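Working notes for the structure below.
Keep in mind that this is a model prediction, so the values were computed, not measured. Note on naming: letters A, B, ... go to the chains in the order of the sequence lines (proteins, then strands), and numbering restarts at 1 for each one.
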Number of protein chains: 2
Amino acid sequence: MRIGELAAAAGTTTKALRFYEQAGLLLPPQRTPAGYRDYTDAAVSRLDFVRRGQAAGLTLAQIRQVLEVRDAGQAPCQHVVALLDRRLEDLDAQLAELRTLRNSIAGLRARAGGADERACPEDQVCRYL
Amino acid sequence: MRIGELAAAAGTTTKALRFYEQAGLLLPPQRTPAGYRDYTDAAVSRLDFVRRGQAAGLTLAQIRQVLEVRDAGQAPCQHVVALLDRRLEDLDAQLAELRTLRNSIAGLRARAGGADERACPEDQVCRYL
DNA sequence: ATGAACCTTCCAGTGCAGGGGAAGGTCAAC
DNA sequence: GTTGACCTTCCCCTGCACTGGAAGGTTCAT
């Protein structure tokens, strides 16, 4: 399987695949005599895993760590669970932050009312912010 | 007022202030004969505005636009209100997205249970993701 | 034999908001 | 008269996940 086919199968681009290889997410595949990358089907499921990790909001560096554990022959499950737990914590923190921000912006917006046009005080840029 | 004093007064760094000037957020100040930047107190309240904008999650580019309107002698209030409205929409979208993500990760985590150590299937990286 | 469609490497840039540090000028105090 | 703290410009670096393009090699169909 050449890089273009793999990209099509995984729903990504050849550029991204070369980048993944250089980033340690894809193992360097066999090469044809001409130097073309020659992938096996395993690369497709590996990329599926990468995409599931990304969908879970993991960084490529975190996904790579999981893959490295797996490639070393160990079960990465414990590691994966720890990542999920940390991700949940981060998400909860981020959600709390965004909710606070939303409230304070909504407050500003309410204070501004109907966007009337009286000029702001001279010593200030805008009284609505 | 020299740049170091202004930075201290505004709770930021000289690096950031030079960057703001180059980015069009701070007007180029007078210079002393030696070439030092010499700010007036107006710079402090301008920086306060910048910080309030940042606290509201606006980008420096958006804040700069508001400042440009103000510097042109117009009241930027309408503009500010529009920015706040867009920011609210974006925040709501982002919150919805994060909530969805949180749910799906919580689902994965629940499926993983107590992080037990049975190996993942051979053809898969980890059954928990 | 030639053109399209693929592939290779390498270099550079994107957006965001600055930070790091070099090389050199200036100002006040001791 | 020199130390130390400040200032100047300059250019590169960070993180993240790629993307774009140049210059050149390969494969396949016509």
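- Qualifying salt bridge (charged side-chain N to carboxylate O under 4.0 Å, His left out) partners for B/Arg87, counting only residues two or more places apart in sequence or in other chains: none.
- With rounding to the nearest 0.5 Å, the separation of CG in A/Asp90 from CG in B/Leu98 is 11.0 Å.
- Between A/Gln30 atom CD and C/dC7 atom P the separation is 17 Å, expressed in whole Å.
- Where B/Ala34 and B/Ala61 meet DNA chain C, the nucleotide closest to each residue was compared, and B/Ala61 sits on the side nearer the 5' end.
- Contact footprint of chain B on DNA chain D: nucleotides with an atom under 4.0 Å from a non-hydrogen protein atom, first to last in 5' to 3' order, D/dC6 to D/dC10.
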Q. Given the rule in the side chain to side chain contact (heavy atoms under 4.5 Å, CB included) test, do B/Arg99 and B/Leu95 qualify, once you have shown the distances and angles that lead to the verdict?
A. CA-CA 6 Å; B/Arg99 275 191 281 259; B/Leu95 278 166; 3.7 Å; yes
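- Taking CG from A/Leu129 and CG from B/Asp48, the interatomic distance works out to 11.5 Å, rounded to the nearest 0.5 Å.
- Interatomic distance, B/Gln124 CD to A/Ser45 OG, rounded to the nearest 0.5 Å: 8.5 Å.
- Nucleotide C/dC6 holds its P atom 17 Å from the CZ atom of A/Arg37, rounded to whole Å.
- When all heavy atoms of B/Tyr128 and B/Arg111 are compared, the pair lying nearest together is CE2-O, 4.3 Å.
- Backbone-only contact: B/Thr59 has heavy atoms under 4.0 Å from sugar-phosphate atoms and none from a base.
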Please report, to 0.1 Å, the donor-acceptor pairs under 3.5 Å made by any side chain of residues 10-24 of chain B, with sequence neighbours excluded.
residue : atom : partner : partner atom : Å
B/Thr13 : OG1  : B/Ala16 : N            : 3.0
B/Glu21 : OE1  : B/Arg37 : NE           : 2.8

Mind listing the side-chain donor-acceptor pairs of residues 55-68 of chain A below 3.5 Å, one per line with the distance, residues two or more places apart or on another chain?
residue : atom : partner : partner atom : Å
A/Thr59 : OG1  : A/Ala61 : N            : 3.4
A/Thr59 : OG1  : A/Gln62 : N            : 3.1
A/Gln62 : OE1  : A/Thr59 : N            : 2.9

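- Side-chain heavy atoms closer than 4.5 Å link hydrophobic residues (I, L, V, M, F, W, Y) into clusters, and following such links, possibly through other members, connects B/Met1 to B/Phe49.
- Atom CG of B/Leu26 and atom P of C/dA17 are 15 Å apart (whole Å).
- Hydrophobic clustering (side-chain heavy atoms under 4.5 Å, transitive across Ile, Leu, Val, Met, Phe, Trp, Tyr) groups B/Leu91 together with B/Val80.
- Listed by residue number, B/Thr13, B/Lys15, B/Ala16, B/Phe19, B/Tyr20 are the residues of residues 3-25 of chain B with a heavy-atom contact under 4.0 Å to DNA chain C.
- Atom CD1 in A/Ile3 sits 8.5 Å away from atom CG in A/Leu26 (nearest 0.5 Å).
- Of the residues in residues 40-58 of chain B, none has a non-hydrogen atom less than 4.0 angstrom from any atom of DNA chain D.
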